[in-house]
Amino acid sequence: MSSEILQEVLAIEGGEKTREDFLVFMSPIIEQEAIDSVVESLKSGWVGTGPKNQQFANDIRDFIGIKHVQLVNSCTAALHLAMISLAIGPGDEVVVPTMTFCATVNSVLFTGATPVLVDCDLNSLNVTRELMEKKITNKTKAIVVVHMAGLPVDLDPIRELAKEKGLPLIEDAAHAFESKYKNQYTGTIGDIGCYSFYATKNLTTAEGGAFVTNNEGLFKIAAQASLHGMSVDAFKRFSKSGFKHYDVSMLGYKYNLTDIQAALGIAHLKKINDYLKIREEIWHSYNEAFKDLPVVTPQEIPDSFAQGSIHARHLYTLRLDLEKLNQDRDYVLNALQAEGIGSGIHYKPVHEHSFYAQSLGYKPSDFPNASKVGRETISLPLSPKMTPGDVADVIKAVRKVVLALRK
Ligand SMILES: Cc1ncc(COP(=O)(O)O)c(C=O)c1O
């Protein structure tokens with residue numbers, strides 16, 4: 001498929017393939033310091049959940065300014081723990097964006113509760129108070145926001161809504177570790193924040209995540225549920241302070257993050273602001289290069305809350321103006337692939353995946369904005385590992401493909 005498209009695009013445009021060695025969409029940067037940190041952890045003999053895990057949790061706590069951090073093995077786990085700590089279960093509803101990764105919605109389904117999906121704003125791809133408010137019923141037990149691509153959600157109106165209705169607010173900040181909303185880190189503003197440290201994320205431990213909160217009660221439930229529901233974790237049970245018995249006093253899961261992973265995170269966190277600066281530069285180069293193309297470049301933080309706010313610039317998501325192109329988004333994606341450039345889609349909205357369409361009974365017209373974005377969006381490589389040559393190749397390939405397909 002790709003090579004046919006390449007031949008077609010080359011025939012239209014008449015150029016050479018942009019690059020021979022494939023540029024992977026979101027290849028993580030792993031520097032020597034991070035490798036040394038992992039090796040040190042391996043040599044220490046404590047490879048499970050132990051001192052490095054504690055150190056990483058403390059580092060995160062200090063970085064974002066929060067009272068409690070429970071490290072887990074994914075953001076999916078953190079979101080599930082959020083639901084558990086809020087005692088969400090069968091018969092309850094949780095209002096969740098449809099413009100997100102499936103895990104946000106799955107965390108509600110894990111508990112037997114019903115996710116009630118919400119459309120997104122067409123420009124920010126984020127939810128708004130107006131969109132969420134319409135979905136709240138007397139069964140609603142919590143609301144979830146996702147800071148899409150690292151652009152912070154306008155949280156004040158949503159916090160007011162949550163307060164008016166007496167509902168807890170969960171922030172899925174999987175894309176937004178370094179984002180700030182009016183001087184506060186996203187993830188620390190609602191009742192619970194959930195981060196992802198997956199391989200492609202701004203802060204990575206290969207796989208990992210964190211549940212964060214200022215509420216001690218919620219933290220205690222999440223911490224216990226994250227490790228089999230045991231009252232004392234392994235580090236405390238086997239450490240030099242002496243053996244301790246444990247009691248399983250609730251249903252729990254196996255969600256702990258290992259020290260090997262935490263060691264990677266500790267080193268990565270030290271570089272996080274440097275990496276953000278590199279992504280910012282790439283971002284601005286893309287914006288400048290695509291100004292004259294039939295595309296919509298990603299929205300910046302609106303002036304109304306720009307003061308003290310930060311965009312984590314996790315995903316550079318272009319929206320193609322399909323009315324001005326001869327082909328659809330998937331054609332563009334395949335043509336970029338044929339040019340040697342990897343790209344992604346964020347997202348085909350949750351309601352359009354067959355499992356949710358069948359089990360929740362939604363149709364694309366229920367969420368016109370998310371459905372439109374899902375057809376038009378394409379994410380370009382955005383990694384601090386990229387060289388200026390990589391950035392130039394992405395620009396060259398995007399311009400070549402889009403211009404060749406322009407009506
Ligand atoms: C918005 C969002 N929420 C949750 C997740 C789940 O994260 P993890 O892979 O760490 O479980 C992702 C992962 O990409 C995500 O993008």
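Since we're looking at a predicted model, the values are computed, not measured. Residue indices begin at 1 and follow the sequence shown. Whatever order the structure lists ligands and atoms in, that order sets their numbers, starting from 1.
Residues passing the side chain to side chain contact (heavy atoms under 4.5 Å, CB included) test with A225, sequence neighbours excluded: L81, I84, M250. With sequence neighbours excluded, no residue forms a side-chain hydrogen bond (donor to acceptor under 3.5 Å, both in side chains) with H268.
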Residues H147, Y181; criterion side chain to side chain donor-acceptor pair (under 3.5 Å); working and verdict: CA-CA 10 Å; H147 303 283; Y181 177 76; over 6 Å; no
Show which side-chain atoms of residues 60-71 pair as donor or acceptor with protein atoms under 3.5 Å away, not counting sequence neighbours.
from, atom 1, to, atom 2, distance (Å)
R61, NH1, N58, OD1, 3.3
Q70, NE2, S226, OG, 3.4

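Below 30°, between 30° and 60°, or above 60°: for Y253 and Y255 the angle between ring planes is below 30°, a parallel geometry.
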One pair per line, please: each N/O atom of ligand 1 matched with every protein N/O atom under 3.5 Å away, atom names first, then the distance to 0.1 Å.
from, atom 1, to, atom 2, distance (Å)
ligand 1, 3 (N), D172, OD1, 3.3
ligand 1, 3 (N), D172, OD2, 2.7
ligand 1, 10 (O), C75, N, 2.9
ligand 1, 10 (O), S196, OG, 2.7
ligand 1, 11 (O), C75, N, 3.3
ligand 1, 11 (O), T76, N, 2.9
ligand 1, 11 (O), T76, OG1, 2.5
ligand 1, 14 (O), K201, NZ, 2.7
ligand 1, 16 (O), H175, NE2, 2.8
ligand 1, 16 (O), Y347, OH, 2.8

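A salt bridge links R279 to E178: at least one charged side-chain nitrogen sits closer than 4.0 Å to a carboxylate oxygen.
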